[in-house]
Amino acid sequence: QVHVVESGGGLVQAGGSLSLSCEASGISARDNVMAWYRQATGKEREFVAIITVDGTAKYADFVKGRFTISRDNVKNTVYLQMSNLQSEDTAVYYCTVHQRYNDIWGQGTQVTVSS
């Protein structure tokens, strides 16, 4: 029914770039608040970026202009384009649909940044 699937994770060297995809099914990404979170080993899950229905994007402070969240309404997919990646960005990245009374989470995709 309703689910999201992340893809695009992998190994990248510090300073490199990587783009993540979140394909939504059973819902319209255009009509829902979509967001990215991440969780590093031994740490709590933290907010990364969010895009609202009207297309407004907001980011966590640590992003510092390096990441861009976007949405393709035709493909029903949300993206997270990451540049100048650092070792601190190593984590499992999750996509979520923030509905009014519940959240739908993906299984996550691993991003590993080597120094």
Side-chain angles (χ1 to χ4, degrees):
Q1 195 173 343
V2 179
H3 67 275
V4 291
V5 179
E6 304 95 333
S7 62
L11 176 64
V12 64
Q13 294 185 6
S17 301
L18 202 62
S19 293
L20 307 181
S21 298
C22 172
E23 184 176 5
S25 300
I27 52 92
S28 173
R30 180 185 182 279
D31 298 327
N32 289 273
V33 176
M34 307 288 291
W36 286 95
Y37 292 79
R38 71 184 188 184
Q39 185 171 24
T41 302
K43 297 184 178 181
E44 297 182 352
R45 184 173 295 182
E46 62 180 345
F47 167 78
V48 176
I50 191 168
I51 185 168
T52 62
V53 174
D54 66 0
T56 300
K58 296 181 179 180
Y59 304 91
D61 290 340
F62 66 77
V63 170
K64 299 183 183 300
R66 301 177 301 132
F67 299 174
T68 300
I69 186 171
S70 61
R71 182 182 65 217
D72 188 319
N73 297 331
V74 175
K75 297 180 179 179
N76 205 38
T77 300
V78 175
Y79 304 93
L80 183 67
Q81 184 174 218
M82 304 181 291
S83 299
N84 193 25
L85 287 164
Q86 305 299 314
S87 59
E88 309 88 77
D89 297 314
T90 295
V92 177
Y93 284 70
Y94 298 91
C95 177
T96 187
V97 181
H98 281 305
Q99 298 181 315
R100 176 172 293 185
Y101 299 113
N102 69 308
D103 299 326
I104 306 298
W105 293 85
Q107 63 180 358
T109 184
Q110 176 70 50
V111 172
T112 302
V113 184
S114 62
S115 301

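Owing to the predicted nature of the structure, the values given are computational and were not obtained by experimental measurement.
Between R71 and V53, the shortest heavy-atom contact is NH2-O, 3.2 Å. A14 and S115 make their closest contact through CB-CA, 4.3 Å (heavy atoms, listed as atom of the first residue, atom of the second, distance). The heavy-atom pair separating F47 from F62 by the smallest distance is O-CE2, 3.5 Å.
Expressed to the nearest 0.5 Å, how far CG of L85 lies from OG1 of T112 amounts to 11.0 Å. The distance from atom CZ of F67 to atom CG of N84, rounded to the nearest 0.5 Å, is 9.0 Å. The OH atom of Y37 sits 13.0 Å away from atom CG of L80, with the distance rounded to the nearest 0.5 Å. Atom OG of S19 and atom CE of M82 lie 7.5 Å apart (nearest 0.5 Å). The OG atom of S25 sits 12.0 Å away from the CD1 atom of I104 when rounded to the nearest 0.5 Å.
Judged by distance alone, the side chain of Y93 and the main-chain N or O of G8 form no donor-acceptor pair under 3.5 Å. Under the 3.5 Å distance criterion, the side-chain polar atoms of N76 are matched with a main-chain donor or acceptor of A24. Side chain of E6 to backbone of T109: no donor-acceptor contact under 3.5 angstrom is found.
Partners of D89 under the side-chain hydrogen bond (donor to acceptor under 3.5 Å, both in side chains) rule, at least two apart in sequence or in another chain, are R38, R66.
With a 4.5 Å cut-off on side-chain heavy atoms, Y94 and Q39 count as touching. By the 4.5 Å heavy-atom criterion applied to side chains, T90 and Q110 are counted as neighbours.
Of the candidates M34, E23, Q107, M34 is the only one forming a side-chain contact (heavy atoms from CB on, under 4.5 Å) with V4.
The environment of D54 atom CG is dense: over 12 non-hydrogen atoms of other residues, nucleotides or ligands sit within 6.0 angstrom. Counting non-hydrogen atoms of other residues, nucleotides and ligands closer than 6.0 Å to CD of Q86 gives a total above 12.
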* To do: Might you work through the side-chain contact (heavy atoms from CB on, under 4.5 Å) test for I27 and Q99, ending with a clear yes or no?
  => CA-CA 10 Å; I27 52 92; Q99 298 181 315; 3.9 Å; yes
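Side-chain contacts under 4.5 Å among hydrophobic residues (ILVMFWY), followed directly or transitively, place Y79 with no other residue at all.
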